[in-house]
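One structure is given below, encoded as structure tokens.
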Amino acid sequence: MAKNRHDTPLLDQLEGGPWPSFVTGIKRLAKDKDMMVDLLGQLERSYETRKGYWKGGTASVIGYGGGVIPRFSEIADEFPASAEFHTIRIMPPAGMHYDTATLRSFCDIWEQHGSGLIALHGQTGDIMFQGCTTDDIQPAFDKFNAMGFDMGGAGPAVRTGMSCVGSARCEHSCYDEPEAHRVVLNSFLDDLHRPALPYKFKFKFSGCGNDCMNAIQRSDMAVIGTWRDDIQVNQDEVRRFVASKGRKYVIDNVITRCPTRSMSLEDDDSLSIDNKSCVRCMHCINVMTKALSPGNDRGVTILVGGKRTLKIGDLLGSVLIPFMKLDTEEDRNKLVELGQNIIDFWAENGLEHERLGEMIERIGLSVFLEGIEVPIDPAMINHPRTNPMIRMDDWDEEATKWKERAAV
Amino acid sequence: MAKNRHDTPLLDQLEGGPWPSFVTGIKRLAKDKDMMVDLLGQLERSYETRKGYWKGGTASVIGYGGGVIPRFSEIADEFPASAEFHTIRIMPPAGMHYDTATLRSFCDIWEQHGSGLIALHGQTGDIMFQGCTTDDIQPAFDKFNAMGFDMGGAGPAVRTGMSCVGSARCEHSCYDEPEAHRVVLNSFLDDLHRPALPYKFKFKFSGCGNDCMNAIQRSDMAVIGTWRDDIQVNQDEVRRFVASKGRKYVIDNVITRCPTRSMSLEDDDSLSIDNKSCVRCMHCINVMTKALSPGNDRGVTILVGGKRTLKIGDLLGSVLIPFMKLDTEEDRNKLVELGQNIIDFWAENGLEHERLGEMIERIGLSVFLEGIEVPIDPAMINHPRTNPMIRMDDWDEEATKWKERAAV
Amino acid sequence: MAQPAAKMPDECGVPPLDRFLHPVLKKNYGNWAWHDRPRPGVLRHVAKNGDQVWTVRAGTQRQMDVHTIRTLCDIADQYAEGYVRFTIRSNIEFMVSEESKVAPLIDKLLEHGFPVGGTGNSVSMISHTQGWLHCDIPGTDASGVVKSLMDELHEEFINERMPNRVRMSTSCCQINCGGQADIAINIQHTKPPKINHDLVANVCERPSVVARCPVAAIRPAMVNGRPSLEVDEKKCICCGACYPPCPPMQINDPEHSKLAIWVGGKNSNARSKPTLHKLVAAGLPNNAPRWPEVAAVVKKILLAYKNDARDYERMGEWIERIGWSRFFELTDLAFTRYHIDNWRWARQSLNSSAHIRF
Amino acid sequence: MAQPAAKMPDECGVPPLDRFLHPVLKKNYGNWAWHDRPRPGVLRHVAKNGDQVWTVRAGTQRQMDVHTIRTLCDIADQYAEGYVRFTIRSNIEFMVSEESKVAPLIDKLLEHGFPVGGTGNSVSMISHTQGWLHCDIPGTDASGVVKSLMDELHEEFINERMPNRVRMSTSCCQINCGGQADIAINIQHTKPPKINHDLVANVCERPSVVARCPVAAIRPAMVNGRPSLEVDEKKCICCGACYPPCPPMQINDPEHSKLAIWVGGKNSNARSKPTLHKLVAAGLPNNAPRWPEVAAVVKKILLAYKNDARDYERMGEWIERIGWSRFFELTDLAFTRYHIDNWRWARQSLNSSAHIRF
Ligand code: SRM
Ligand code: SRM
Ligand code: SRM
Ligand code: SRM
Ligand code: SF4
Ligand code: SF4
Ligand code: SF4
Ligand code: SF4
Ligand code: SF4
Ligand code: SF4
Ligand code: SF4
Ligand code: SF4
């Protein structure tokens with residue numbers, strides 16, 4: 001039985017309505033947790049004044065430098081029980097699958113050592129155990145750790161990764177996303193747990209171009225599934241689809257939507273695809289999921305440099321590796337190696353608080369490619385330069401490099 | 001009978017082959033013009049050394065500051081007869097139409113006062129009378145002038161304009177290009193003949209989006225025909241076209257080529273067009289010229305800022321006025337007024353040797369629009385800003401402006 | 001402080017997946033053939049061998065109390081063989097191996113107040129951030145904004161009547177932890193930071209703060225005798241980048257930290273390439289606890305999209321087709337000088353063509 | 001110098017069109033209905049009232065001697081009612097009001113060595129510039145380059161067997177008087193200017209020269225005691241912008257001023273928006289009098305386009321569809337680090353998507 005609740009007329013207005021209410025949840029916790037009573041008090045204050053009252057600080061666990069987001073109240077004098085309200089970030093299994101036993105243990109631990117408030121999940125993919133005193137951080141973490149869970153990333157470090165449901169439940173999956181996610185992240189645990197990079201670095205894994213993980217914009221290194229051979233077409237299913245929807249519908253919703261006009265509906269209602277022009281956008285496969293599917297020679301495209309706004313404006317990742325296989329342990333190690341080279345070069349050359357994409361923007365893609373020894377490829381660009389503003393007196397040597405590569 | 005020709009083994013190689021040879025032409029002139037004998041000599045020298053031998057200087061006619069491109073030979077000691085080889089730029093009629101009598105008089109005058117070499121036409125649209133001594137400039141010009149022709153532009157001035165064949169012979173014409181061309185240029189003769197602007201300023205007039213004059217990139221102010229109402233469709237001609245070419249052909253070459261997917265081929269072989277989404281690109285009309293044509297409510301779109309490479313890279317013009325009528329004298333005067341405002345603002349604010357497009361790039365489109373008092377319009381942009389990097393504390397006032405405009 | 005006695009962590013990283021995976025998913029791992037959606041909120045995935053699994057998706061408040069989580073576990077144990085997963089949008093998914101269990105599961109979820117939906121062409125849960133609840137730099141709340149909006153959009157969550165999926169995000173400061181989205185609701189500061197000069201010297205590493213400013217508007221200065229920082233207010237774009245490294249440069253303002261709405265962000269590569277979202281409305285008041293002005297604009301936009309867009313057109317693709325003039329017309333929003341970009345790649349956003357709609 | 005006695009000019013400007021217009025064109029001015037192309041080089045325009053006019057288009061050398069022009073006039077008087085017009089590409093057009101006159105007119109033109117074509121999906125005349133013949137800053141010739149190329153492309157001028165029209169341009173220095181084109185052949189300097197320090201002081205207005213440099217590589221300096229200019233060769237991009245205002249900064253070099261080839265420029269708004277041309281090949285020798293290396297590359301590109309593009313695809317649209325990897329494959333040209341832009345809008349040319357062709 002906790003102390004009496006503060007009046008929260010503003011927050012109370014967030015209890016009505018059909019959507020589940022976080023306020024109601026917090027109130028439930030406040031029944032027996034003073035911390036949540038005062039948390040509600042401070043939050044109500046923020047709603048009144050439209051100001052935040054948390055400040056940062058330091059808090060962590062033995063052996064790690066990051067993973068805990070420390071929060072100290074600026075108005076602890078009024079709300080002492082929530083003076084400390086830290087968040088512990090824990091990495092979930094790839095794809096965020098759980099058995100209920102695990103979730104129940106989380107609840108028990110957090111009821112004992114924390115506020116009882118858990119966010120599933122943070123935007124970077126962590127389980128966020130929110131609301132913990134400094135003293136409780138270590139014991140809480142030790143118990144999560146004992147369950148086989150580890151700390152997530154924070155600060156200038158490799159961050160927790162995310163991968164789509166993919167192979168586990170999606171017919172579009174072009175590689176083993178959960179496994180790639182696990183192997184890659186577990187190869188960078190030192191950089192993840194001990195922040196020492198210029199800035200944050202995020203990996204995200206999507207099984208196909210639909211990019212259900214927003215990898216292209218929300219990660220520094222995006223691994224997106226694709227295929228090299230032809231789209232698999234089941235013409236009977238195509239005809240069935242055309243029969244059920246009508247030609248006009250198919251033309252207006254599939255044929256004309258292909259970004260490269262790679263499809264043509266034959267007069268016999270079969271579909272012909274120019275696979276050389278197809279850019280693997282997924283649209284036709286999405287629409288005719290029974291009739292079409294990605295080819296058999298599957299792998300991934302790797303993009304780098306995605307991030308949000310500060311300080312030069314939002315950046316979408318851009319193509320670094322047009323295609324690589326990702327079937328075997330060996331393939332995955334190649335991916336790790338690539339990530340390592342990128343992070344090493346960036347750690348060397350990135351300015352403080354400069355994300356990978358910003359560094360590439362500053363030094364230029366060609367220079368970056370040379371730095372990490374990745375060969376240039378036309379797939380990296382929308383089109384070659386439209387201006388002559390460059391000195392190229394060693395054109396012939398550069399051209400020879402290409403010819404030699406083409407030769408092998 | 002002129003002096004003996006110099007040997008020209010290199011130029012001689014440009015006499016063979018199916019394409020008409022300028023060398024053969026010049027040799028013909030060299031028969032009785034020493035100037036062309038030495039011109040050939042100097043040109044052969046350039047072919048040997050791969051160097052140019054002309055330098056600029058000053059030359060003009062009474063009353064004008066520009067229009068003549070003075071050329072003095074750096075190797076006049078060896079080729080004295082072509083020591084002076086100036087070009088006189090003369091403005092042709094809009095659309096470059098001629099009766100043979102006029103052309104013959106040009107030839108006679110140029111045979112008497114110049115080299116006999118005439119370029120039809122320069123890339124800016126001038127008749128270029130090439131190869132004239134300083135002394136002959138005035139008499140030659142006086143005769144052209146007496147024929148009713150005037151000097152073209154050169155230097156930091158309004159330049160000669162160009163307009164497509166348009167109304168004279170093209171079914172796509174959306175306004176009277178030749179007349180607009182004439183009226184506009186003739187309203188800027190002072191700025192054209194007496195160079196006093198930051199840099200050159202070019203007008204080009206195309207009757208439709210096909211832009212046969214390359215107006216969008218080769219002019220500072222491009223006037224391009226368009227229409228506001230619906231595309232005119234003759235469904236019988238459509239059916240005839242579909243019948244002759246086949247549905248697949250029509251789908252692959254017309255329907256799927258529409259940049260905004262505004263067309264649909266109905267099952268009865270008729271064509272339906274979503275005119276609200278149509279961007280007046282001209283493609284479908286180009287392909288089915290008998291079945292389709294521009295609407296009846298025609299006018300022009302005005303783009304500004306096109307230019308070539310130096311010093312920030314090639315610039316395509318961008319939309320300034322999405323639509324204006326250009327039927328009456330009054331409409332054309334509005335166009336002149338707009339041009340005047342733009343040139344005045346640019347003359348005020350442009351740096352030396354800064355083209356309009358470069359100035360807009362430097363100060364920003366919004367600022368430019370305010371300067372010339374043209375209201376903003378979404379058609380000016382591909383899309384609104386994608387970054388929050390701007391201070392907008394007077395948002396409400398700005399929003400009100402729009403609401404008020406929308407109201408009227 | 002953590003006990004020095006405490007043992008070093010077991011640096012185990014991301015746990016292996018197996019023990020957390022629903023049996024049918026494990027069995028058919030990597031062997032799915034196709035899927036359909038029997039009804040909003042329900043996916044049916046069919047494996048190459050014919051196995052089927054039904055997924056029921058329900059909305060949550062993301063920031064959940066343990067009681068809520070336990071309730072969800074009870075439901076999972078009863079109907080879903082004791083397994084669940086969460087989506088990137090904090091929706092919970094129950095995998096069910098028998099069709100017969102789908103309906104009762106749904107009833108149970110509804111009974112406990114969890115909306116079932118978010119699939120296909122619906123408005124899914126808004127991906128949100130921390131805000132006043134936990135962040136140290138928020139201009140507004142996140143959970144509250146999302147709760148208020150999802151209350152308003154509930155009908156669109158439980159139905160699939162949009163032209164394509166609608167994915168929204170919110171960000172409680174201009175750092176924008178929320179991602180690119182069909183509709184994004186972000187804080188937009190409109191005044192330069194207010195500097196508490198007494199604190200700067202102690203709290204801020206001045207050179208690195210200066211370095212953070214994208215427009216070089218910050219310069220070191222002595223203010224009443226103490227080393228501080230000065231902002232050139234004519235240069236300042238009110239981005240807030242200086243605030244995290246230097247809290248005395250207070251950028252948040254109850255009055256002048258407004259909300260802006262952005263549309264047309266797209267991460268997927270389906271049809272068109274991914275695109276960033278674009279500014280459409282700004283200057284909206286930070287009106288806790290329910291932000292009605294924001295909801296009003298969002299609903300106007302959704303309504304126009306719903307009525308006018310074609311099947312499969314995402315928000316941004318729809319606007320690409322009909323043009324921005326028409327978008328502002330249909331949504332009755334104002335077009336201002338601020339919509340015209342003036343940042344580093346502004347040129348590329350100009351309409352360099354005669355492509356115009358009327 | 002012109003005689004002071006001479007009278008002031010009659011500032012008459014652009015002459016009115018009427019007297020120069022072919023009667024059928026004048027009669028149907030603004031009233032044309034449609035057109036077709038009976039054969040390459042011939043257009044038939046039909047007016048709303050049924051009137052017809054045939055246009056025969058022929059190539060010229062542009063820089064014509066009066067005798068050539070008189071010959072063309074004779075032909076016009078005999079077959080075309082004494083009227084002609086010239087196109088933006090220096091082709092001459094004869095308007096003919098009776099179909100029966102078309103064939104004899106064509107014969108006559110061929111007899112006098114004027115190729116008939118340039119219409120529809122042909123390779124039209126290359127729009128060219130001045131070069132060594134007249135310009136004061138040329139790196140190469142223009143008339144000669146065009147003549148050599150048109151000799152090679154003659155067959156493509158007189159036939160219409162390209163997927164769409166092909167419009168080419170050349171520029172004899174990096175100022176680029178030639179326009180954007182499907183294929184552009186431009187001088188590309190590869191070494192910084194060689195400065196003749198003795199002349200700078202007298203000839204150049206140093207501040208304005210410094211201002212011309214796009215990369216601020218020029219700085220005033222004293223060289224052997226006299227005011228001159230210095231170039232930071234590591235910064236210099238060899239653009240040649242400093243040469244016109246300061247001839248002693250010689251940028252042209254018989255050896256190091258090379259030719260570069262650009263493709264995919266498009267001015268028309270048909271289908272896709274207008275686009276700038278893109279660099280594909282560089283380092284080609286300035287090999288007068290026939291530039292065979294340039295011709296070889298141009299023909300490779302045209303052949304690939306001709307074989308692979310679909311009807312109505314312009315050069316750039318074709319490449320947009322098949323992708324640049326395939327373009328370099330089909331044309332067997334080298335892709336280098338220089339193709340990757342690093343100028344001010346470079347970012348926008350990166351492939352920010354998973355759209356890739358294999
Ligand atoms: C907790 C979380 C929001 C949420 O409620 O889900 C979050 C919260 C914060 N983010 Fe974030 N970011 C969170 C995901 C993101 C994402 C989305 C993503 O990762 O996919 C982004 C955009 C993608 C990206 O990385 O650019 C994001 C972009 C930022 C940025 C801007 C980074 C940049 O380069 O522009 C900052 C500012 C910084 O790091 O200096 C930032 C900083 C912060 C800080 C640490 C504020 C600060 O600097 O003190 C916030 C701590 C809040 C708190 O008290 O817990 N956060 N942040 C997300 C992490 C939870 C988790 O670990 O799972
Ligand atoms: C004669 C002509 C080429 C031809 O043979 O057709 C030409 C020739 C010259 N151009 Fe040009 N330009 C000619 C059309 C163009 C065009 C095409 C057009 O007008 O549509 C352009 C590209 C469009 C544009 O304006 O950007 C063009 C862009 C330039 C530039 C670059 C301007 C810029 O802003 O980047 C310069 C350099 C300058 O002006 O400083 C230039 C400069 C020159 C100069 C004056 C060289 C100089 O600075 O001394 C050349 C004089 C050659 C001579 O001796 O006659 N010329 N120039 C064209 C004019 C003939 C006529 O009047 O009809
Ligand atoms: C469960 C989830 C992945 C996960 O591991 O969490 C998921 C699952 C599926 N996505 Fe997704 N997508 C999920 C987030 C996304 C996101 C990211 C986001 O929501 O921010 C995107 C990118 C959105 C964007 O572009 O910004 C996304 C873009 C797509 C698309 C592309 C749609 C388009 O036309 O642009 C498809 C294709 C389709 O719909 O057929 C797709 C298709 C699918 C399919 C149909 C794949 C399959 O065959 O199983 C899955 C069911 C979709 C449904 O809800 O009907 N999924 N999908 C995510 C559910 C989020 C939620 O709870 O609402
Ligand atoms: C005569 C001329 C206008 C003039 O006043 O001089 C002209 C005349 C016609 N053009 Fe053009 N165009 C002329 C230069 C251009 C140019 C400019 C250029 O060549 O640099 C362009 C822009 C090219 C570009 O995009 O850079 C041009 C882009 C078009 C297009 C768009 C083609 C496309 O798909 O992109 C059409 C539409 C069509 O072909 O049906 C067109 C159509 C036409 C039509 C069919 C219009 C008509 O119905 O009469 C005319 C006959 C075309 C033909 O040759 O078959 N005209 N046309 C020019 C002839 C140049 C030459 O001698 O070769
Ligand atoms: S990204 Fe592709 S593979 Fe992964 S869940 Fe989405 S649709 Fe399936
Ligand atoms: S996947 Fe996309 S690009 Fe490829 S054929 Fe289908 S729609 Fe076209
Ligand atoms: S621009 Fe349009 S109107 Fe003018 S000639 Fe070309 S096609 Fe005809
Ligand atoms: S003119 Fe262009 S945009 Fe308009 S319908 Fe025809 S093809 Fe589409
Ligand atoms: S968006 Fe800003 S305020 Fe909100 S969580 Fe992220 S950093 Fe904190
Ligand atoms: S708010 Fe942004 S622009 Fe203003 S001073 Fe701070 S960092 Fe600079
Ligand atoms: S391109 Fe250069 S060299 Fe050629 S005419 Fe123009 S300015 Fe002179
Ligand atoms: S060539 Fe260009 S870059 Fe080099 S110094 Fe001259 S102007 Fe500057």
Side-chain angles (χ1 to χ4, degrees), chain B residues 10 13-14 17-20 22 25 28-29 46-47 50 52 54-56 61-63 91 93-94 96-100 103-104 107 111 116 119-120 123 138 145 148 150 167-169 171 178 182 185-186 189 209-211 214 216-218 257 259 281-283 289-290 308-311 314 316, chain D residues 2 6 8-15 17 20-21 25 29-30 32-34 45 60-70 73 76-77 82-86 113 132 134 136 138 143-144 147 150-151 154 176-177 179-180 214 241 254 267-271 274 276 286 288-289 311-312 343:
Chain B
L10 294 172
Q13 296 178 48
L14 289 169
W19 198 259
F22 68 104
R28 240 185 256 122
L29 295 170
S46 287
Y47 270 68
R50 285 178 284 164
W54 299 113
K55 57 176 182 305
V61 298
I62 299 282
M91 290 193 286
M96 299 169 174
H97 298 265
Y98 300 98
D99 60 336
T100 51
L103 289 176
R104 291 183 196 277
C107 292
E111 206 164 30
L120 295 164
Q123 295 297 334
Q138 188 70 48
N145 199 204
D150 199 357
S167 307
R169 201 200 59 200
E171 70 270 24
R182 196 185 58 82
L185 266 290
N186 290 355
L189 292 176
N210 287 329
D211 195 5
N214 293 181
I216 190 167
Q217 214 253 332
R218 284 167 54 185
R257 303 302 183 89
C281 88
M282 290 299 295
H283 175 71
T289 166
K290 273 189 181 175
R308 279 221 64 186
T309 316
L310 302 177
K311 90 183 212 186
D314 290 44
L316 289 160
Chain D
M8 292 303 282
D10 165 10
E11 205 153 354
C12 54
V14 179
L17 187 52
F20 306 106
L21 214 46
L25 270 51
Y29 192 89
W32 297 98
W34 56 275
H45 285 86
T60 76
Q61 60 270 62
R62 187 179 86 142
Q63 252 103 353
M64 289 178 279
D65 58 296
V66 290
H67 311 295
T68 300
I69 295 174
R70 289 185 180 124
C73 288
D77 291 338
Y83 293 89
V84 299
R85 73 174 293 271
F86 289 86
W132 291 326
H134 196 272
D136 57 339
S143 323
K147 158 68 176 165
M150 289 313 295
D151 281 343
H154 176 255
N176 293 328
C177 296
Q180 288 288 323
N267 296 282
S268 92
N269 289 275
R271 300 168 305 282
L276 299 175
N286 185 10
D311 293 356
Y312 298 108
W343 194 242

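Everything numeric in this text was worked out from a predicted model, so none of it was measured. Quick note on labels: first sequence line is chain A, next is B, and so on, each numbered from 1.
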Parallel, tilted or perpendicular, as decided by the 30° and 60° cut-offs, for the rings of B:H283 and D:Y312
perpendicular

Looking only at B:Q13, B:R169, B:R28, the option with the highest number of non-hydrogen pairs under 4.5 Å against chain D is B:R169

So which residue, B:L10, B:L185, B:N145, B:T289, ends up with the most heavy-atom pairs under 4.5 Å with chain D?
B:N145

If we ignore hydrogens and angles and just use 3.5 Å, is the side chain of B:W19 paired with the main-chain N or O of D:G113 as donor and acceptor?
no

Chain B shares the most heavy-atom pairs under 4.5 Å, among D:C177, D:A33, D:P138, with D:A33

Taking every non-hydrogen pair under 4.5 Å, which of D:R70, D:E11, D:H154, D:M64 racks up the most with chain B?
D:E11

Which bit of [X] is near chain D, if near means a heavy-atom gap under 4.5 Å: side chain, backbone, both or neither?
X: B:L189; result: both
X: B:N214; result: both
X: B:I216; result: side chain
X: B:R308; result: side chain
X: B:L310; result: side chain
X: B:R182; result: both

Closest heavy-atom contact between [X] and [Y]?
X: D:L17; Y: B:P93; result: CD1-CB, 4.1 Å
X: B:D211; Y: D:S268; result: CB-CA, 4.5 Å
X: D:V66; Y: B:E111; result: CG2-OE2, 3.7 Å
X: D:N269; Y: B:C281; result: O-CB, 3.1 Å
X: B:K311; Y: D:W343; result: O-CZ2, 3.7 Å
X: B:G148; Y: D:C12; result: O-SG, 3.5 Å

Flag the pair D:L25 / B:H97 as yes when at least one side-chain heavy-atom distance between them is below 4.5 Å, and no otherwise.
yes

Is B:M96 close to D:F20 at the side-chain level, that is, under 4.5 Å between some pair of heavy atoms?
no

